[in-house]
Amino acid sequence: MTTLDIFADPTCPWCLIGKAELDLALESRPDHPFQIVWRPFRLNPDLPPSGMDHVEYQKARFGDEAGIIAANQPVLAASERLGLWINMAAIQRVPPVLDAFRLLHWAGIEGAQSRVMSGLLRAYWREGRDIADARVLAEIGKAAGMDEDVILRLLGTDADRDLILSQEAHARQRGVKAVPTFIIGGSHVLTGAQPADLWRQVIDELAQD
């Protein structure tokens with residue numbers, strides 16, 4: 001097996017797109033060698049605990065309305081091509097994602113990481129749900145086969161907060177600067193949402209080796 005570490009933030013649209021492209025490649029290469037590990041990397045580590053209004057966030061990041069439209073156009077075009085159907089109108093706030101990463105860490109212990117990441121992305125981008133809310137996170141975990149009551153109990157504590165923060169700090173020290181970032185076998189780095197054809201090529205080359 002080859003480890004594929006993916007540094008991603010579920011509130012980043014290019015992480016949604018990058019996962020969809022990777023999933024297409026994996027579906028067409030069911031014997032792929034990847035052992036996928038989702039790693040924490042917050043796109044907005046300085047968000048207040050209550051998050052930020054989505055419109056205000058976009059204004060702060062992209063400037064005026066023209067800048068927002070220009071930034072969103074390629075995202076919406078890619079999501080439509082992939083059948084993801086992002087629902088921008090449903091998104092009210094950009095939430096802090098530390099608790100989402102705690103859930104993702106616990107999912108890794110149970111072999112449910114990719115299912116949980118899919119749930120987080122769907123909840124935020126299609127349903128406009130608050131993925132900083134413990135109840136929402138517990139429901140996502142339950143849908144992925146985890147114990148809802150255990151998740152709620154853990155989220156009510158500080159369990160693994162320091163671990164997540166230290167993992168993110170380590171990633172930044174290693175040079176990870178953006179999401180999604182993919183590290184193949186601990187050494188080869190790909191940044192950004194890569195097309196499915198590229199992933200198929202990578203998988204085929206690994207199979208030859």
Side-chain angles (χ1 to χ4, degrees), residues 1-27 29 32-47 51 75 84 94-125 131-132 134 136-138 140-141 143-146 150-151 154-155 157-196 198-199 202-203 206:
M1 296 295 286
T2 299
T3 301
L4 178 60
D5 292 297
I6 308 175
F7 294 85
D9 181 322
T11 64
C12 167
W14 291 109
C15 292
L16 171 72
I17 292 162
K19 183 179 185 301
E21 293 277 16
L22 174 62
D23 286 346
L24 284 174
L26 299 182
E27 288 166 10
R29 300 290 190 274
H32 69 83
F34 289 140
Q35 180 181 356
I36 296 172
V37 182
W38 292 92
R39 301 290 189 185
F41 194 93
R42 291 173 298 164
L43 188 61
N44 305 291
D46 298 323
L47 274 178
V75 168
L84 299 174
V94 179
V97 289
L98 182 57
D99 283 349
F101 281 129
R102 293 166 72 204
L103 174 63
L104 203 59
H105 169 69
W106 303 325
I109 298 170
E110 300 189 25
Q113 268 201 326
S114 287
R115 294 195 298 275
V116 165
M117 178 56 88
S118 294
L120 290 168
L121 290 165
R122 181 174 57 253
Y124 184 70
W125 289 105
I131 58 171
V136 172
L137 292 174
I140 291 170
M146 300 173 69
V150 171
I151 293 168
L154 288 170
L155 287 173
T157 72
D158 289 332
D160 295 316
R161 281 178 180 267
D162 289 344
L163 174 64
I164 299 302
L165 293 173
S166 66
Q167 288 179 348
E168 181 182 310
H170 180 63
R172 294 184 189 276
Q173 290 166 5
R174 290 178 65 190
V176 177
K177 297 178 180 177
V179 288
T181 291
F182 305 87
I183 302 181
I184 304 167
S187 56
H188 300 288
V189 181
L190 292 171
T191 58
Q194 301 295 328
L198 184 142
W199 284 116
V202 169
I203 292 167
L206 287 170

*Quick one: does Leu26's side chain get under 4.5 Å of Ile203's, heavy atoms only?*
yes
*Does Leu190 reach the side chain of Leu198, with side-chain heavy atoms less than 4.5 Å apart?*
yes
_Please check this pair: side chain of Glu168 against backbone of Arg42, looking for a donor-acceptor N/O pair closer than 3.5 Å._
yes
*Can any side-chain N or O of Trp125 pair as donor or acceptor with the backbone N or O of Pro10 at less than 3.5 Å?*
yes
*Look only at the side chain of Arg102 and the backbone of Leu154, and say whether a donor-acceptor pair between them is shorter than 3.5 Å.*
yes
*Could you tell me whether the side chain of Phe34 reaches within less than 4.5 Å of the side chain of Phe182, counting heavy atoms only?*
no
_How long is the straight-line distance from OH of Tyr124 back to CD1 of Ile140, given to the nearest 0.5 Å?_
12.5 Å
*Compare every heavy atom of Val75 with every heavy atom of Pro13, then report the nearest pair and how far apart it is.*
CB-CG1, 3.6 Å
*Can you name the closest pair of heavy atoms from Leu43 and Cys12 and give their distance?*
CD2-CB, 4.0 Å
*Student check: side-chain heavy atoms of Leu137 and Leu120 closer than 4.5 Å*: yes
*Calculate, to the nearest 0.5 Å, the distance between atoms NE2 and CD1 belonging to His105 and Ile164 respectively.*
5.5 Å
*Which heavy atom of Ala196 sits nearest a heavy atom of Leu24, and at what distance?*
CB-CB, 3.9 Å
_Within the structure provided, determine whether Met146 and Leu103 are in side-chain contact (heavy-atom separation under 4.5 Å)._
yes
*Could you give the distance from CG (Leu206) to CG (Leu4), rounded to the nearest 0.5 Å?*
9.5 Å
*To the nearest 0.5 Å, tell me how far Cys15 SG sits from Ile6 CD1.*
9.5 Å
*Look up atom CG in Leu16 and atom CD in Glu21, then write down how far apart they are to the nearest 0.5 Å.*
10.5 Å
_For the CZ atom of Phe101 and the CD1 atom of Ile131, what is their distance to the nearest 0.5 Å?_
8.5 Å
*Could you pull out the closest heavy-atom pair between Ile151 and Ala138, with the gap in Å?*
CG2-CA, 3.8 Å
*What pairs with Trp14 under side chain to side chain donor-acceptor pair (under 3.5 Å), at least two apart in sequence or on another chain?*
none
*Over all atoms of both residues, closest heavy-atom pair of Gly186 and Arg174*: O-NH2, 4.2 Å
*Using modelled atom types only, decide if a donor and an acceptor are shared between the side chain of Gln113 and the backbone of Trp38 within a distance under 3.5 Å.*
yes
*With side chains defined as the heavy atoms from C-beta onward, is the minimum distance between Leu104 and Arg39 less than 4.5 Å?*
no
*Search all heavy atoms of Asp160 against all heavy atoms of Trp106 and return the closest pair with its distance.*
OD2-NE1, 2.7 Å
*Check: Leu98 and Leu165 side chains under 4.5 Å, non-hydrogen atoms*: yes
